[in-house]
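Every heavy atom of this structure was used, including side-chain atoms; hydrogens, water molecules and symmetry mates were not.
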Amino acid sequence: MRAPACAALLLWLLSTAACRQFTEEEMGAIRQRIKSMFYHAYNSYLDNAFPYDELRPLTCDGQDTWGSFSLTLIDALDTLLVLGNRTEFQRVASLLQDTVDFDIDVNASVFETNIRVVGGLLSAHLLAGRAGMELEPGWPCSGPLLRMAEDAARKLLPAFQTASGMPYGTVNLLHGVSPSETPVTCTAGVGTFILEFATLSRLTGDGSFEDAARRALRALWKSRSDIGLVGNHIDVLSRKWVAQDAGIGAGVDSYFEYLVKGAVMLQDEELLDMFQEFDRAIQNYTRFDDWYLWVQMHKGTVSMPIFQSLEAFWPGLQSLLGNLDSAARTFQNYYSVWRQFGGLPEFYSIPQGYTVDKREGYPLRPELIESAMYLFRASGDHTYLQLGLDALESIERIAKTPCGYASVKDLRDHQLDNRMESFFLAETIKYLYLLFDPSHFLHGGGVEWDGSWEEGGEAGQCVLGAGGFIFNTEAHPLDPAALYCCSRHSQDQQELRDILLSLSQAEGKSGQQSGRAEGPPPDQLDSIAARSGDRKTPPLLSCPVQPFSARLSILGQVFTDKA
C-alpha cells in the first residue's frame, strides 16, 4: 500500500476511533486482560528461565544476555506493584537481596545495566513503602534495595574515568574497563545516566554519581556540531564523531529523553535549556511532514529517510513539553506503520512505505504505547485508548506462545524469534496498564486524604509521591519528592554542622579574650549546643511538611518562566 493510501486509511481509522468513549467498566476489563498477559509471561519466566536473565519462549528455557543478574526479575519487580501484587513484590525483593551478586567477572553494558538494574532497584526501593515492606528508619534515604542499586552503580563508575568524562560502553564488574575496550560508544550510552545517578546521589548523599553523569552530559553538549546536532557514535577518548548521522532514534533517543526528564525531576533549567536548543535544530533539520529523518550532523542533509521504532517515544516526550498538536500528528504517522504490520518494524522506509531489509523485526517494544499513555494523560482523548487496545490485541494474536511472548522476527509474515526481552514486562505491559488506569498513583494525582501520598524521611516529616513520578527510559518510576526529602535532610544536617562549628569558633575566641579556659574541641558539638540552648542534643532540622512541588511541571507538562 502506498503512503498516501496509508494516510487516508489512518485518518478514517482515527475519526472512527475518536467517536468511541471507553467506560470505566470497559477500562477495568482491559486492565484485567493486561494483568493476565503479564502473569502468563512472568510465570513462564519463573517456571522455565529463572535465574537466567531472560526467557526463551519458543524452547521454554532461559539465557543470560546482559550480565547474569536474573534481569527479567529485577526489571519486572516494580511492575508487580503497579499491578497491585504487594505479596509477590515483597517475596521477589527479598529473593533478589539473597541471590544477586554484582562481584562477578562479567563484561556488562554500562548503559543497559544502569537503566535496567540500577533503575529497577531504585524504583523498587522507592515503592517499598507502598508495598508494605518493613522499612529502615530514615527510609527512603536508606534501605537494602538502595544499597544494592548503589553497589551496582559503583561497578559502573570506572567506565567514566576518561579525560572527557564520557564513559566507555562496557565495563567488567570485577576488574573495571579492559585495556582492549573500544572507546567508541553511542550517544545514548553517554547521556543516559542523570536520572539514576542523581537519584542515587541525592538519596545517599554521595555526589560522585551525579557528578559523573553531569560531566558526561556537558561533554556531549560541547561536542555538538555548528548547526546544533549530535551524531550517533562518538570516541570517548578523542571526542571525535565516528558515526555522524543525527536523528532522534536508536543510539541517540534516551539522551534527549533524559535532558527533559532530568530537568523536571531535578528542577534543572540547565538541562531544559540544552534540550530546547537541540530541539530547535531537530525541528529545523530533521523534521519533514511530521516525520523525523536522519541527517548529516554538520550539513543537515538527509542521510537516511527512515523511521525507527525507537523513535516512537518522541510524541510522548513532546507532550511533556506541551507540544500536543505536533506530538499528535507525529503519533498518527507512527501508528499508521503499526496498522500496516501489527507492530513497529525496527526500520521503516518512509519514501517506500515498507520495511527495510534485515530490519523487519519487532521485539515487542513499548515506545508507541508509552507515547499513547502520555498523550492520553495530557489530552484525555479516548482515541489513544483505542490505539492501546489495538496494540494489546495485536501482541496477543501475533506474539503469544504457550510459554510467554516471543519477539517478532519478521513483521511481514509474523515469524517469531526465541527471545522475550526483559523490557516487555518492565515497559510494554506497564505502559499498557497505566494507559487504562488514569487514576493510578503513578500519574501523580491524588489528595492528602486518599492514600496516594505517604510519609518518609527522618521522623516521617517528608511527604512522598506528591510531585508526580518520572519514568526512566526502562519505565522505572522515580519519585522526585524522595530526592528532595533526602537531599534536603543532608543539606539541613550540613547547615546545622556549620552553625555549630561557627558557635564553637566564636566561643573559643571569646574564651581566649577573657582569659577563661577554652570550651570543648569542635568535634564535641553536642555539648556546645547544650550549653548555648539548654538542650542535651541539638534538634535535627526536619524536612518540610508541605509536599514537594515541581516548579517546571504542571499536570505532566513542563513550563518555563518564559512561557
Side-chain angles (χ1 to χ4, degrees), residues 42 46 50-51 53 66-82 85-104 106 108 113-157 173-174 195-210 422 425-426 454-460 462 464-465 469 472 474-487 489-490 493 543:
Y42 178 76
L46 289 181
F50 178 77
D53 279 341
W66 293 113
S68 191
F69 305 128
S70 301
L71 184 60
T72 293
L73 208 54
I74 294 176
D75 241 356
L77 180 53
D78 56 18
T79 308
L80 286 166
L81 188 61
V82 170
N85 193 336
R86 298 172 61 178
T87 302
E88 182 67 359
F89 180 98
Q90 295 174 18
R91 185 188 77 83
V92 172
S94 298
L95 177 65
L96 291 173
Q97 294 171 47
D98 294 336
T99 59
V100 174
D101 182 10
F102 298 115
D103 289 320
I104 51 178
V106 167
T113 303
N114 176 59
I115 66 170
R116 303 191 195 211
V117 178
V118 178
L121 291 171
L122 283 173
S123 178
H125 162 72
L126 292 172
L127 295 174
R130 295 178 182 272
M133 295 187 68
E134 184 176 350
L135 303 175
E136 289 185 2
W139 176 89
C141 312
S142 64
L145 293 173
L146 175 60
R147 287 189 288 274
M148 286 183 69
E150 183 180 5
D151 185 23
R154 205 167 293 283
K155 299 293 185 181
L156 306 180
L157 285 181
L173 298 183
L174 201 59
L195 292 184
E196 298 84 4
F197 277 27
T199 297
L200 265 178
S201 284
R202 300 194 184 198
L203 294 182
T204 66
D206 183 348
S208 61
F209 300 104
E210 184 172 347
S422 68
L425 296 179
E454 57 182 337
E455 295 180 347
E458 293 293 330
C462 286
L464 305 180
F469 287 79
N472 86 335
E474 190 77 3
H476 295 306
L478 304 171
D479 183 1
L483 278 63
Y484 178 76
C485 170
C486 297
S487 61
H489 174 68
S490 177
Q493 290 288 78
C543 300

Original post:
Judged by atom type as modelled, is there a donor-acceptor pair below 3.5 Å linking the side chain of Asp78 to the main-chain atoms of Gly120?
Top reply: no
Original post:
Going from CD on Glu150 to OG on Ser208, what distance comes out if it is rounded to the nearest 0.5 angstrom?
Top reply: 8.0 Å
**OP:** To the nearest 0.5 angstrom, please state how far the OG atom of Ser422 sits from the CZ atom of Phe69.
**Re:** 11.5 Å
Original post:
Can you tell me how far CG of Asn85 sits from OG1 of Thr87, rounded to the nearest 0.5 angstrom?
Top reply: 6.0 Å
Subject >> Any donor-acceptor pair under 3.5 Å from His125 side chain to Pro140 backbone >> reply: yes
Side-chain donor-acceptor pairs of residues 141-148 under 3.5 Å, sequence neighbours excluded:
{"unit_1": "Ser142", "atom_1": "OG", "unit_2": "Glu136", "atom_2": "OE1", "d": "3.3"}
{"unit_1": "Ser142", "atom_1": "OG", "unit_2": "Pro137", "atom_2": "O", "d": "3.2"}
{"unit_1": "Arg147", "atom_1": "NH1", "unit_2": "Glu136", "atom_2": "OE1", "d": "3.2"}
{"unit_1": "Arg147", "atom_1": "NH1", "unit_2": "Glu136", "atom_2": "OE2", "d": "3.2"}
{"unit_1": "Arg147", "atom_1": "NH2", "unit_2": "Glu136", "atom_2": "OE2", "d": "2.5"}

Subject >> Residues which pass salt bridge (charged side-chain N to carboxylate O under 4.0 Å, His left out) with Asp479, listed by chain and number, not counting sequence neighbours >> reply: none
Original post:
Is any side-chain heavy atom of Ser94 closer than 4.5 Å to a side-chain heavy atom of Leu96?
Top reply: no
Subject >> Thr72 side, atom OG1; Leu77 side, atom CG - distance, nearest 0.5 Å >> reply: 12.5 Å
**OP:** Using the test side chain to side chain contact (heavy atoms under 4.5 Å, CB included), find all partners of Ala153 that sit at least two apart in sequence or belong to another chain.
**Re:** Val118, Phe197, Leu200, Phe209
Original post:
How far apart are the closest heavy atoms of Leu203 and Ala482, and which atoms are they?
Top reply: CD2-O, 3.7 Å
**OP:** Mind listing the closest non-hydrogen atom pair of His476 and Ser123 along with its distance?
**Re:** CB-CB, 3.7 Å
Original post:
If only atom types and distance count, is the side chain of Thr99 paired as donor or acceptor with the main-chain N or O of Leu95 below 3.5 Å?
Top reply: yes
Original post:
Are the side chain of Ser70 and the backbone of Asp53 linked by a donor-acceptor contact shorter than 3.5 Å?
Top reply: no
**OP:** Could you pull out all residues at least two apart from Asp103 that satisfy salt bridge (charged side-chain N to carboxylate O under 4.0 Å, His left out)?
**Re:** Lys155
Original post:
Less than 4.5 Å apart, any side-chain heavy atom of Asp75 and any of Leu425?
Top reply: no
**OP:** Using a 4.5 Å cut-off on heavy atoms from C-beta on, say whether the side chain of Trp66 contacts that of Val117.
**Re:** no
Subject >> Qualifying residues under salt bridge (charged side-chain N to carboxylate O under 4.0 Å, His left out), relative to Asp206, sequence neighbours excluded >> reply: Arg154
**OP:** Output all residues satisfying salt bridge (charged side-chain N to carboxylate O under 4.0 Å, His left out) with Glu210, sequence neighbours left out; order by chain, then residue number.
**Re:** Arg202, Arg214
Subject >> Between CG on residue Leu127 and CG on residue Leu81, distance to nearest 0.5 Å >> reply: 5.5 Å
Subject >> Derivation and outcome, side-chain contact (heavy atoms from CB on, under 4.5 Å), residues Leu174 and Phe102 >> reply: CA-CA 8 Å; Leu174 201 59; Phe102 298 115; over 6 Å; no
Subject >> Where Arg130 and Gly465 come nearest, the two heavy atoms and their spacing >> reply: NH2-CA, 4.1 Å
Subject >> Donor-acceptor under 3.5 Å (Asn472 side chain, Glu196 main chain) >> reply: no
Subject >> Minimum heavy-atom distance between Leu478 and Pro480, given as atom pair plus value >> reply: O-CD, 3.3 Å
**OP:** Calculate, to the nearest 0.5 Å, the distance between atoms CG and SG belonging to Leu464 and Cys462 respectively.
**Re:** 6.5 Å
